[in-house]
Amino acid sequence: MLKLSEIRTPIIKGLKAFTGSTVIMADQSTKPPPYPYYTIKLATVGETVGQVAEKSVGDEVTIRQVLELNVSVTSFSNKLDESFDKAFEALEWFKGVGVYALDESNIVVVDTHPITNRDTFINIDYERRHGFDVRLRVMSETTFNVGYIEHVSIDLD
């Protein structure tokens with residue numbers, strides 16, 4: 001079974017350790033942290049890659065499937081240059097040391113997309129945002145009990 005915390009936690013911890021900036025989940029209803037900071041958002045989750053692997057042991061069946069997901073990473077600042085620089089720093093993490101850090105949590109970095117401007121106008125000023133998307137792959141494993149029919153009675157009347 002795929003658990004959000006098993007994907008989110010290594011990304012947040014690794015990105016924060018590398019950049020020194022706070023990393024939060026996007027679209028939260030709490031007050032944002034001080035600038036600069038990052039948000040991550042799981043944009044798509046669950047696209048299957050390849051075939052399902054099935055293993056039976058007794059009454060238990062385990063199915064394993066590689067899933068692909070897209071994570072959107074956005075750098076927030078009130079300064080244009082800082083927003084871009086922090087986005088580029090995050091991109092460097094996903095292309096470099098982050099590949100190895102995430103691999104320890106069985107998360108594979110497949111591809112990174114270019115940085116785009118995601119600025120937004122708030123009241124009388126702009127909030128500077130730059131971001132990019134990352135394609136990741138993870139292994140989903142589910143075990144369940146199927147039970148077997150041991151005896152069948154057949155009545156031929």
Side-chain angles (χ1 to χ4, degrees), residues 1-55 61-145:
M1 183 170 156
L2 187 64
K3 294 185 180 179
L4 175 62
S5 63
E6 293 174 359
I7 299 165
R8 174 186 60 212
T9 301
I11 293 171
I12 289 174
K13 284 184 176 181
L15 198 51
K16 182 177 182 176
F18 186 76
T19 64
S21 294
T22 300
V23 182
I24 62 171
M25 291 295 289
D27 302 331
Q28 302 298 308
S29 59
T30 60
K31 184 178 178 186
Y35 295 126
Y37 67 93
Y38 296 98
T39 63
I40 61 169
K41 180 177 188 171
L42 276 70
T44 61
V45 179
E47 183 176 340
T48 58
V49 178
Q51 299 296 316
V52 173
E54 185 177 315
K55 178 181 175 184
V61 174
T62 301
I63 56 173
R64 298 179 80 199
Q65 175 69 55
V66 176
L67 299 177
E68 191 164 288
L69 49 136
N70 287 321
V71 177
S72 180
V73 179
T74 304
S75 167
F76 288 72
S77 180
N78 56 353
K79 300 173 189 149
L80 180 65
D81 289 352
E82 182 178 56
S83 174
F84 176 81
D85 292 347
K86 296 302 278 184
F88 193 76
E89 192 175 12
L91 183 65
E92 285 182 316
W93 182 75
F94 277 102
K95 288 184 168 214
V97 69
V99 170
Y100 302 104
L102 293 175
D103 185 56
E104 291 175 8
S105 297
N106 297 316
I107 300 170
V108 177
V109 177
V110 177
D111 188 25
T112 57
H113 294 243
I115 294 172
T116 58
N117 184 300
R118 299 176 178 180
D119 287 352
T120 189
F121 186 72
I122 299 177
N123 296 330
I124 59 170
D125 205 0
Y126 281 93
E127 180 173 61
R128 301 305 183 172
R129 301 177 184 181
H130 286 85
F132 58 93
D133 291 349
V134 181
R135 283 180 41 222
L136 304 174
R137 286 191 182 157
V138 296
M139 180 67 71
S140 174
E141 184 175 294
T142 305
T143 300
F144 51 95
N145 190 309

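Throughout, numbering of the chain's residues begins at 1 and tracks the sequence.
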Within 6.0 Å of CD in Gln51, more than 12 heavy atoms from elsewhere: no

query: What is the minimum heavy-atom distance between Ile11 and Val71, and which atoms define it?
result: CD1-CG2, 4.4 Å

- line: One should read off an interatomic distance between Ile63 CD1 and Lys55 NZ, to the nearest 0.5 angstrom, of 14.0 Å

task: Would you give the length of the straight line joining atom OG1 of Thr112 to atom CG of Leu136, rounded to the nearest 0.5 angstrom?
output: 10.5 Å

- request: Evaluate the side-chain contact (heavy atoms from CB on, under 4.5 Å) criterion for residues Met139 and Asn106: first the C-alpha distance (whole Å), next the side-chain angles of each, then the deciding distance (0.1 Å), finally the verdict.
  value: CA-CA 7 Å; Met139 180 67 71; Asn106 297 316; 5.9 Å; no

Considering all heavy atoms, the nearest Phe132-Val134 contact: CE1-CG2, 3.4 Å

field: His130 and Ser83: side chain donor to acceptor below 3.5 Å
entry: yes

field: Straight-line distance of Tyr38 OH to Thr19 OG1, nearest 0.5 Å
entry: 4.0 Å

query: Do any N or O atoms from the side chain of Glu47 and from the backbone of Leu67 form a donor-acceptor pair under 3.5 angstrom?
result: no

Side-chain donor-acceptor pairs under 3.5 Å in residues 88-99, sequence neighbours left out?
{"residue": "Glu89", "atom": "OE1", "partner": "Lys86", "partner atom": "NZ", "Å": "3.1"}

query: Side chains of Pro32 and Tyr37: does their closest heavy-atom pair fall under 4.5 Å?
result: yes

field: Heavy-atom check, side chain of Ile7 versus side chain of Val45, under 4.5 Å
entry: no

statement: Shortest non-hydrogen pair, Glu68 vs Arg135, comes out as OE2-NE, 2.9 Å

message: Can you give me the closest heavy-atom contact between Val73 and Arg118, atom names plus distance?
response: O-NH1, 3.4 Å

Pairwise distance CG(Leu42) to CE(Met25) - rounded to 0.5 angstrom: 5.5 Å

task: Work out which heavy atom in Asn117 is nearest to a heavy atom in Leu80; give both atom names and the distance.
output: ND2-CD1, 4.5 Å

message: Check Arg128 with Glu82, please: is the shortest side-chain N to carboxylate O separation under 4.0 Å?
response: no

query: Distance-only, no hydrogens or angles: does the Ser77 side chain make a donor-acceptor pair with backbone N or O of Lys79 under 3.5 Å?
result: yes

message: Please evaluate residues Asp111 and His113 with respect to the criterion side-chain contact (heavy atoms from CB on, under 4.5 Å), reporting the C-alpha separation (whole Å), side-chain torsions for both, the decisive distance (0.1 Å), and the verdict.
response: CA-CA 7 Å; Asp111 188 25; His113 294 243; 4.0 Å; yes

